[in-house]
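Heads up, the thing below is written out as structure tokens.
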Amino acid sequence: MSLDGKVAVVTGGGRGIGQAIAVVLAQHGAAVAVWDLDLPGAEATATAIRDAGGRAVAVGGDAADAVQVRAAVERTHTELGPVTVLVNNAGINETVRFTDLSEEAWDRLIRINLKGPFLVTQALVPDMLEAGWGRIVNISSSSAQTGSPKMAHYVASKGGVIGLTKALAMEYVAKGITVNHVPPGFIDTPLTRQTLGDVQAVAAMMPMKRAGTPEDVAHAVAFLASEEAGYVTGQTLSPNGGRYLV
Ligand code: NAP
């Protein structure tokens with residue numbers, strides 16, 4: 001499996017799952033633009049890739065803001081060239097009872113988790129159409145497969161990401177562009193620690209008796225980004241340790 005000569009964008013690549021995805025895509029040969037709100041985080045990921053002999057650039061900004069997305073695309077084009085691999089990974093989560101969920105919290109989460117992938121994908125699809133080749137991998141969530149209490153806005157946003165995946169898979173099915181989604185199960189990341197606290201207690205309830213690692217997710221993404229996955233589109237590849245069986 002090789003991504004030599006490909007340019008990839010990974011949103012939210014400054015830490016957690018996105019960081020592992022950026023590193024693993026670079027290990028397969030891609031030049032990676034690491035986009036993140038947290039520029040120092042993005043720089044740390046890009047530096048780790050370069051120190052290992054790869055090519056990477058860090059780009060700061062909000063992946064759910066149209067003006068900042070345009071600037072990030074421009075910077076990526078200047079530094080690395082046209083993009084044919086996109087991983088929509090940036091996302092947030094919080095737990096809140098449905099009756100306490102405010103309109104502001106709903107709008108904020110839907111903006112980042114669902115509008116973000118719309119804006120970034122729309123900005124980068126022209127590169128893929130021009131190349132006649134593209135790979136879009138959206139990070140959804142197993143919670144959109146199983147449902148989950150106190151996460152109505154999050155689960156709704158990830159259900160939207162799954163719908164977006166299927167719609168675009170069909171829109172570009174004859175253009176050399178595949179669109180798939182990866183719903184992680186319970187993965188040990190900074191977001192998980194912020195949202196759930198005691199990772200070990202929850203991990204003990206998982207079928208494999210452990211939390212997933214960001215790398216468990218990254219390897220699934222790398223497969224979907226590869227040449228070898230060219231006949232796979234509109235699909236679900238679930239690194240979830242047996243938490244949910246499709
Ligand atoms: P994380 O540790 O919080 O990392 C997410 C990164 O994305 C952070 O660096 C964050 O920056 C950045 N980010 C957030 N909003 C952004 C925006 N609008 N524009 C650009 N960057 C932004 O999260 P994670 O656990 O790795 O999760 C990554 C993805 O996997 C998310 O979509 C999440 O919903 C999904 N997921 C995670 C799990 C899990 O168990 N961890 C399970 C299912 C799905 P800041 O730190 O500055 O906010």
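One-based numbering, in listed order, for ligands and for the atoms of each.
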Contact table ligand 1 N or O to protein N or O, d under 3.5 Å:
residue: ligand 1; atom: 2 (O); partner: Arg15; partner atom: NE; Å: 3.0
residue: ligand 1; atom: 2 (O); partner: Leu191; partner atom: N; Å: 3.2
residue: ligand 1; atom: 3 (O); partner: Arg15; partner atom: NE; Å: 3.3
residue: ligand 1; atom: 3 (O); partner: Arg15; partner atom: NH2; Å: 2.7
residue: ligand 1; atom: 4 (O); partner: Arg15; partner atom: NE; Å: 3.4
residue: ligand 1; atom: 9 (O); partner: Asp36; partner atom: OD1; Å: 3.1
residue: ligand 1; atom: 9 (O); partner: Asp36; partner atom: OD2; Å: 2.8
residue: ligand 1; atom: 11 (O); partner: Asp36; partner atom: OD1; Å: 3.0
residue: ligand 1; atom: 18 (N); partner: Asp62; partner atom: OD1; Å: 2.8
residue: ligand 1; atom: 19 (N); partner: Ala63; partner atom: N; Å: 2.9
residue: ligand 1; atom: 21 (N); partner: Leu37; partner atom: N; Å: 3.2
residue: ligand 1; atom: 25 (O); partner: Thr189; partner atom: OG1; Å: 2.5
residue: ligand 1; atom: 26 (O); partner: Ile17; partner atom: N; Å: 2.8
residue: ligand 1; atom: 32 (O); partner: Asn89; partner atom: O; Å: 2.7
residue: ligand 1; atom: 32 (O); partner: Lys158; partner atom: NZ; Å: 2.9
residue: ligand 1; atom: 34 (O); partner: Tyr154; partner atom: OH; Å: 2.6
residue: ligand 1; atom: 34 (O); partner: Lys158; partner atom: NZ; Å: 3.2
residue: ligand 1; atom: 40 (O); partner: Gly185; partner atom: O; Å: 3.4
residue: ligand 1; atom: 40 (O); partner: Ile187; partner atom: N; Å: 2.9
residue: ligand 1; atom: 40 (O); partner: Ile187; partner atom: O; Å: 3.2
residue: ligand 1; atom: 40 (O); partner: Thr192; partner atom: OG1; Å: 3.4
residue: ligand 1; atom: 41 (N); partner: Ile187; partner atom: O; Å: 3.4
residue: ligand 1; atom: 41 (N); partner: Thr189; partner atom: OG1; Å: 3.3
residue: ligand 1; atom: 41 (N); partner: Thr192; partner atom: OG1; Å: 2.9

Identify whether the distance between the nearest side-chain nitrogen and carboxylate oxygen of Lys150 and Asp100 falls below 4.0 Å. no
Both conditions, 6.0 Å and 45 degrees, for the charged tip of Lys175 above the ring of Trp133: are they met here? no
Could you pull out every donor-acceptor pair under 3.5 Å between side chains of residues 176-185 and any protein atom, sequence neighbours left out?
residue: Asn180; atom: OD1; partner: Gly234; partner atom: N; Å: 3.1
residue: Asn180; atom: OD1; partner: Gln235; partner atom: N; Å: 2.8
residue: Asn180; atom: ND2; partner: Val232; partner atom: O; Å: 2.9
residue: His181; atom: ND1; partner: Ser140; partner atom: OG; Å: 2.7
residue: His181; atom: NE2; partner: Thr236; partner atom: OG1; Å: 2.8

Show me the side-chain donor-acceptor pairs of residues 80-91 shorter than 3.5 Å, one per line, residues at least two apart or across chains.
residue: Asn88; atom: ND2; partner: Thr121; partner atom: OG1; Å: 2.9
residue: Asn88; atom: ND2; partner: Asn138; partner atom: OD1; Å: 2.9
residue: Asn89; atom: ND2; partner: Thr11; partner atom: O; Å: 3.0
residue: Asn89; atom: ND2; partner: Gly12; partner atom: O; Å: 3.2

What pairs meet the salt bridge (charged side-chain N to carboxylate O under 4.0 Å, His left out) rule with one or both residues in residues 70-93, with sequence neighbours excluded? Arg75-Glu79
Note, Val10 side chain near Trp35 side chain (heavy atom, < 4.5 Å): no
